[in-house]
Each structure stands twice: as structure tokens, then as C-alpha cells.
Colleague: 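What follows is a single structure, and I will ask about it in a moment.
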Amino acid sequence: MAKRALITGITGQDGSYLAELLLSEGYDVAGLVRRSSTENFERISHIQDRLTLVSGDLMDEVSLINVLRDFRPAEVYNLAAQSFVQASWRQPVLTGEATALGVTRLLDAIRIVDPEIRFYQASSSEMFGRVHSVPQNEHTAFYPRSPYGVAKVYGHWITVNYRESYNLHASSGILFNHESPRRGLEFVTRKVTNGVARIKTGLDTQLHLGNLEAQRDWGYAKDYVRAMWAMLQRDVPDDFVVATGETHSVRELCEVAFAAAGLRWQDHVVIDQAFIRPAEVDLLVGDATKAQHQLGWKCETDFYGLVEMMVAADLAAYEK
Ligand code: NAP
Ligand code: F7E
């Protein structure tokens, strides 16, 4: 019988790539989806007929228990979260409910229904925040700088705690920023590549951005979901940093993205205070040595390849 996996957050960027990977590995894949007045299955529409979509919400523990009882997965990937850092200042309690306490609800549901389930938690480099050392690895102390980062630290530690308290096979992937043509339009990479495409096709002339000096370790989401899966194939659960090991500023992102369409970023980018955050994470760069050695993971797409891919995808969409 095929192995069964449940993905929370299947309608999101990572959920869609992970679903593709697990289907290609022969899994029966279920995805948790929240009720909405309009369906938002764009990222999974091409594989929807091969998925089982089940209704539930990280806010509602009974829904999680019922989904686990009905589907009986061997692996659960918890990708659902309020994932936008900027929104977390406007909705700090909701962010805490979903991104932090949601993890406990799911871990408890696993304990109740089947403690043999292998669990993946989507932890984040945002936990490092005001970084204690460069580059950041599994031993770097956390200093989150947003309600989102604080919530992810809780989610990370409750995963470690349930592993140690109840012997669950619970792993946490500390993933640095990863992007793709399926990235939400509010995140800076996609905002820039989409903006470039709109300017190139004459729909806009300006792109409003915040802090151009922030530096991030940007990788490709499709590469990163392989690391998630690899973590749950090990006999022993553990925590892993997943990153490219390179960092680039938002300014460099603009240079590369605009140049990919034959434009000069200086002619179009406008600094707008509305996108400056109350507290910033200035520099992130990850050390993924442990993932490389123990998971055999490596990133295959670099920053330049990623940005060019995203610009090309956005241009193609507008030209169509
Ligand atoms: P995303 O595109 O924003 O997707 C988030 C998903 O969570 C969506 O499917 C969303 O459903 C779902 N969701 C939100 N609240 C929920 C709730 N209360 N109950 C059930 N589902 C809920 O995020 P992503 O970029 O794929 O990231 C996946 C995970 O990795 C997130 O936990 C994120 O915080 C974490 N992470 C991301 C990165 C990155 O660079 N992408 C790096 C480190 C960690 P709807 O479609 O219904 O809104
Ligand atoms: O910002 C700066 C902004 O929103 C990156 C999430 O997936 O990765 C993501 O969080 C940087 C920040 O991602 C704009 O100030 C400048 O320094 O793309 P972002 P993020 O906050 O790093 C982590 C790892 C996650 O876990 C999160 O879920 O870019 N920036 N101007 C801007 N950012 C945005 N969004 N919009 C701007 O106009």
C-alpha cells in the first residue's frame, strides 16, 4: 500500500511543491484546506485530481484530530502558518494562534491519534533575527524581531519539547528564505519580479519598496522541499538548517531582476516608508553543512538563476 502523507498549508508555495514531490515518490497525499468563500487552489490545480483535500484549520484541534483519524497518514508536514512577517505586527495574536499554538494543536492531535506519525515543522531563519553569529547554524541562538519570528520560536521549541517529552518522531527544518514563481505577491522577491514584468509591459512605471539594505539568503522552494522529505526518511528525528550559504541585499535583487528585463532599477524603484518594518532583520546567511552531510541535500538553483526564472515567469504571464 502507498505511504500516506498529510500536508497542512498545501495551498501555499511550499505545500504545492511538496505535494508534487510526494506524488512523484508514490505517496497518497492529503492536504488540509480551510473553508473559504472562494477556492484558492491555483497552486495545486494541476495536481488537484491526484490529491485528497480535507477540511480543517490549525485553529481548531478537533478538525485536526478528525483529519488524522480519517486519513491515517504516516507523515505529517506542518507548513500552514500566517507566514508574512509584515502582517504579523498588525495581527500579532492571530499570528501567535496559527503559527505558534497551531503547532501544539497538531502535535497533540498526533499524540492522540497515532504517536508513530512522523512530523515535520516548518521553522524559519526569522528565529535568528538580530543574529548572534554569521553564518547561522543549528547552534546559533535565537533573537526574533517580529511577532512572526517569536511565534516560530515557540513552534520550534514545542516540536523539540514533544520529541523529548513523548518520543515523537518530530523534526524541525530551519529554512532560510525560499522563493519561486509561485511565491506570494507580497514577499519582496515576487513583488520585485512581478513589478518588473508590469513595468516592462507598460502596466506600471514605479515600484514602491522599503529597506533596500536588508540581506537575505534566498534559495529555490523546489530545492527546499526535498530537504523536508529527507528529514522524515531518517530513523532519528532532528533539526536542520536549510540555506544556500550566500546572501544578497534587496538592492542587488532589484539590480538583477530589472536587468533581466533590460531595465535600470534606479529609474523605477521608489522608497516608501509604508514598507519599512518596526524592527528589521538586517542580515541572514545560513550554514547548511549538517543538512548536506546528513541528508545528502544540496541546493541546485542559485540566486541569479532563481531571480531570472521568476522574472521570466512573470513576464510570460503578462505577455500572455
Ligand atoms: P504561504 O505560501 O504563505 O502558505 C501558507 C499556507 O498556510 C497556506 O496554504 C494557508 O492557507 C495556510 N494557512 C494559514 N493559516 C492557516 C490555518 N489557520 N489553518 C490551516 N492552514 C492555514 O507560505 P510558504 O512560503 O509556503 O511557507 C510554508 C511554511 O514555511 C510556513 O509555515 C512558513 O511560515 C514557513 N517558512 C517559509 C519560508 C519561506 O521563505 N517561504 C522560510 C521559512 C519558513 P490559505 O491558502 O487558506 O491562506
Ligand atoms: O522580506 C525587505 C524586508 O517579506 C525580505 C517569509 O517567507 O522569509 C520570509 O520573510 C526583506 C525584509 O520576507 C520590501 O524589510 C524591502 O528585510 O520577502 P520578505 P521575510 O520577511 O524575510 C522567512 C524566512 C519566513 O519564514 C517568512 O515566512 O525585504 N523589503 N522592501 C521588503 N519586503 C516586502 N515584503 N515588501 C517590500 O516592499
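Quick caveat, the model's predicted, so the values are computed rather than measured. Order of appearance sets the numbers: ligands from 1, and atoms from 1 within every ligand.
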Colleague: Tell me the protein heavy atom at minimum distance from atom 32 (C) of ligand 2, and give that distance in Å.
Modeller: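 The closest heavy atom on the protein side is Val188 CG2, 3.5 Å.
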
Colleague: What are the atoms of ligand 2, with element, lying closer than 4.0 Å to any heavy atom of Ser124?
Modeller: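 Numbered from 1, ligand 2 contributes 23 (C), 24 (C), 25 (C), 26 (O).
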
Colleague: Closest by any non-hydrogen atom to atom 22 (O) of ligand 2: pick that one out of Glu179, Lys152, Arg216.
Modeller: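 The nearest heavy atom belongs to Arg216.
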
Colleague: Quick test of your reading of the model: are Asp108 and Arg105 salt-bridged, counting only N-O distances below 4.0 Å?
Modeller: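 No, no charged N to carboxylate O under 4.0 Å.
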
Colleague: What do you reckon, does Asp14 have a nitrogen or oxygen under 3.5 Å from a nitrogen or oxygen of ligand 1?
Modeller: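 N/O-N/O distance under 3.5 Å: yes.
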
Colleague: For Gly210, is at least one N or O under 3.5 Å away from an N or O on ligand 2?
Modeller: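 Between Gly210 and ligand 2, an N or O pair is found under 3.5 Å apart.
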
Colleague: Tell me, which protein residue and heavy-atom name are nearest atom 47 (O) of ligand 1, and how many Å apart are they?
Modeller: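 Ranked first by proximity to atom 47 (O) of ligand 1 is Arg34 NE, 3.1 Å.
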
Colleague: At what distance is the nearest protein heavy atom to atom 28 (O) of ligand 2, and which residue and atom is it?
Modeller: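 Result: Ser83 O, 2.6 Å.
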
Colleague: For Val85, take its heavy atoms, then give the atoms of ligand 2 lying under 4.0 Å from any of them.
Modeller: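 Selected atoms, number and element: 10 (O), 21 (O).
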
Colleague: Does Ala122, backbone or side chain, put an N or O under 3.5 Å from an N or O of ligand 1?
Modeller: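 Min N/O separation from ligand 1 is not below 3.5 Å for Ala122.
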
Colleague: Give the single entry among Phe84, Phe128, Tyr148, Phe176 that approaches atom 25 (C) of ligand 2 most closely by any heavy atom.
Modeller: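 Nearest heavy atom to atom 25 (C) of ligand 2 lies in Tyr148.
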
Colleague: Tell me whether Phe187 has any N or O atom under 3.5 angstrom from an N or O of ligand 1.
Modeller: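 So ligand 1 has no N or O lying under 3.5 Å from an N or O of Phe187.
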
Colleague: I'd like to check which ligand 1 atoms, numbered from 1 as shown, lie under 4.0 Å from a non-hydrogen atom of Asn40.
Modeller: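 Listed by number with element: 45 (P), 46 (O), 47 (O).
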
Colleague: Hey, which atoms in ligand 2 end up nearer than 4.0 Å to a heavy atom of Ser125?
Modeller: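 Atoms satisfying the 4.0 Å criterion: 24 (C).
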
Colleague: Just wondering, are more than 12 heavy atoms of other shown residues or ligands nearer than 6.0 Å to NZ in Lys191?
Modeller: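 Counting other residues, nucleotides and ligands, NZ of Lys191 exceeds 12 neighbours.
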
Colleague: Tell me whether Thr189 has any N or O atom under 3.5 angstrom from an N or O of ligand 2.
Modeller: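 Between Thr189 and ligand 2, no N or O pair is found under 3.5 Å apart.
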
Colleague: Would Arg216 and Glu280 pass as an ion pair if we require N to O under 4.0 Å?
Modeller: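 Salt bridge: yes.
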
Colleague: Using non-hydrogen atoms of the residue, decide whether Glu97 is closer than 4.0 angstrom to ligand 1.
Modeller: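 Outside the 4.0 Å threshold, so no.
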
Colleague: Does CZ belonging to Arg234 count more than 12 external heavy atoms closer than 6.0 Å?
Modeller: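 Above 12, so yes.
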
Colleague: Can I get a per-line list of side-chain donor-acceptor pairs under 3.5 Å for residues 311-320, giving both atom names and the distance, sequence neighbours left out?
Modeller:
from, atom 1, to, atom 2, distance (Å)
Asp314, OD1, Arg190, NE, 3.1
Asp314, OD1, Arg190, NH2, 2.8
Asp314, OD2, Arg190, NE, 3.1
Asp314, OD2, Thr193, OG1, 2.7
Asp314, OD2, Asn194, N, 3.3
Tyr318, OH, Asn194, OD1, 2.8
Tyr318, OH, Arg198, NH1, 3.4

Colleague: So is Gln86 close enough to ligand 2, meaning a heavy atom under 4.0 angstrom away?
Modeller: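 No, Gln86 has no heavy atoms under 4.0 Å from ligand 2.
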
Colleague: Under a 4.0 angstrom heavy-atom cut-off, which atoms of ligand 2 come close to Glu280?
Modeller: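 So the answer, numbered in order with elements, is 3 (C), 12 (C), 15 (O), 17 (O).
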
Colleague: Under 4.0 Å from any heavy atom of Asn177, which atoms of ligand 1 are there?
Modeller: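 So the answer, numbered in order with elements, is 40 (O).
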
Colleague: Answer yes or no: does an N/O atom from Ser124 fall short of 3.5 Å to an N/O atom of ligand 1?
Modeller: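 So ligand 1 has no N or O lying under 3.5 Å from an N or O of Ser124.
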
Colleague: Looking at Phe240, does the NZ or CZ of Lys290 lie under 6.0 angstrom from its six-membered ring centre and within 45 degrees of the ring axis?
Modeller: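 Ring-cation test returns yes.
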
Colleague: Any chance NZ of Lys3 has more than 12 other-residue heavy atoms, nucleotides or ligands included, within less than 6.0 Å?
Modeller: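 Yes, the 6.0 Å shell around NZ holds more than 12 heavy atoms from other groups.
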
Colleague: Does this structure show an ion pair linking Asp239 with Arg163, if we count only N-O contacts that are shorter than 4.0 Å?
Modeller: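 Yes, charged N to carboxylate O under 4.0 Å.
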
Colleague: Would you say the ring centroid of Phe142 lies under 6.0 angstrom from that of Phe128?
Modeller: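 Centroid distance Phe142-Phe128: below 6.0 Å, so yes.
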
Colleague: Tell me the nearest of Met59, Gln82, His178 to atom 42 (C) of ligand 1, using heavy-atom distances.
Modeller: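 Among Met59, Gln82, His178, the closest heavy atom to atom 42 (C) of ligand 1 belongs to His178.
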
Colleague: For ligand 1, which atoms sit closer than 4.0 Å to a heavy atom of Ser123?
Modeller: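 Near Ser123, meaning under 4.0 Å from one of its heavy atoms, ligand 1 has 43 (C), 44 (C).
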
Colleague: What I want to know is whether Ala98 and ligand 1 share at least one N or O pair that is separated by under 3.5 angstrom.
Modeller: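 By distance alone, the answer is no.
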
Colleague: Could you tell me, atom by atom, which parts of ligand 2 come under 4.0 Å of a heavy atom of Ala214?
Modeller: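 Checking each atom against Ala214, I get 17 (O).
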
Colleague: Which is it for Leu209 and ligand 2 at heavy atoms under 4.0 Å: side chain, backbone, both or neither?
Modeller: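 The part of Leu209 near ligand 2 is both the backbone and the side chain.
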
Colleague: What residue and heavy atom of the protein are closest to atom 19 (P) of ligand 2, and at what distance?
Modeller: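 That would be Arg277 NH2, 3.7 Å.
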
Colleague: Which heavy atom of the protein is the closest neighbour of atom 8 (O) of ligand 2, given with residue, atom name and distance?
Modeller: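 The answer is Asn177 ND2, 3.1 Å.
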
Colleague: Can you list the residues that meet the salt bridge (Lys or Arg N to Asp or Glu O under 4.0 Å) rule with Arg43, with sequence neighbours excluded?
Modeller: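 With sequence neighbours excluded, Arg43 shows a salt bridge (Lys or Arg N to Asp or Glu O under 4.0 Å) to no residue whatsoever.
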
Colleague: In ligand 2, which numbered atoms sit nearer than 4.0 Å to a non-hydrogen atom of Val250?
Modeller: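 Counting atoms of ligand 2 from 1, those under 4.0 Å from Val250 are 2 (C), 29 (O).
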
Colleague: Against heavy atoms of Arg183, which atoms of ligand 1 measure under 4.0 Å?
Modeller: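 Selected atoms, number and element: 25 (O), 39 (C), 40 (O), 41 (N).
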
Colleague: Does a salt bridge link Glu126 with Arg145, judged by any charged N lying under 4.0 Å from a carboxylate O?
Modeller: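 No salt bridge links Glu126 with Arg145.
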
Colleague: Flag the pair Glu20 and Arg50 as a salt bridge only when some basic side-chain nitrogen lies within less than 4.0 angstrom of an acidic carboxylate oxygen.
Modeller: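 Result for this pair is no, no salt bridge flagged.
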
Colleague: What protein heavy atom sits nearest atom 4 (O) of ligand 1, and how far away is it?
Modeller: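 For this ligand atom, the closest protein heavy atom is Gly12 CA, 3.4 Å.
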
Colleague: Before signing off on this row, confirm whether Ala81 and ligand 1 have an N or O atom pair separated by under 3.5 Å.
Modeller: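 It does: an N or O of Ala81 is found under 3.5 Å from an N or O of ligand 1.
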
Colleague: Between Glu75 and Phe119 (side chain of the first, backbone of the second, donor and acceptor by atom type, cut-off under 3.5 Å), is there such a pair?
Modeller: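 No; zero donor-acceptor contacts below 3.5 Å.
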
Colleague: Looking only at non-hydrogen atoms, which of His208, Glu213, Arg145, Arg183 approaches atom 7 (O) of ligand 2 most closely?
Modeller: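 It is Arg183 that holds the nearest heavy atom.
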
Colleague: Counting only heavy atoms, tell me which of Asp57, Asn78, Leu32, Ile10 gets closest to atom 18 (N) of ligand 1.
Modeller: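 Looking at heavy atoms only, Asp57 sits closest to atom 18 (N) of ligand 1.
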
Colleague: For atom 35 (N) of ligand 2, grab the closest protein heavy atom and report residue, atom and distance to one decimal in Å.
Modeller: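 Protein heavy atom at minimum distance: Glu186 O, 2.9 Å.
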
Colleague: Using a 4.0 Å heavy-atom cut-off, say whether Phe275 meets ligand 2 through its side chain, its backbone, both or neither.
Modeller: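 Contact part for Phe275 vs ligand 2: side chain (C-beta onward).
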
Colleague: If you count heavy atoms of other groups shown closer than 6.0 angstrom to CD of Glu116, is the number above 12?
Modeller: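 No - once you tally the heavy atoms of other residues, nucleotides and ligands closer than 6.0 Å, there are 12 at most.
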
Colleague: Look only at interatomic distance and state if Arg43 has a nitrogen or oxygen under 3.5 Å from any nitrogen or oxygen of ligand 1.
Modeller: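 Among all N and O atoms of Arg43, none is under 3.5 Å from an N or O of ligand 1.
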
Colleague: If you measure every N/O of Thr11 against every N/O of ligand 1, is any gap under 3.5 Å?
Modeller: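 In this structure, Thr11 places an N or O atom under 3.5 Å from an N or O of ligand 1.
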
Colleague: Answer with yes or no after comparing the ring centroid distance for Trp229 and Tyr120 against a 6.0 Å cut-off, counting only values under it.
Modeller: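 Aromatic pair excluded; centres sit 6.0 Å or further apart.
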
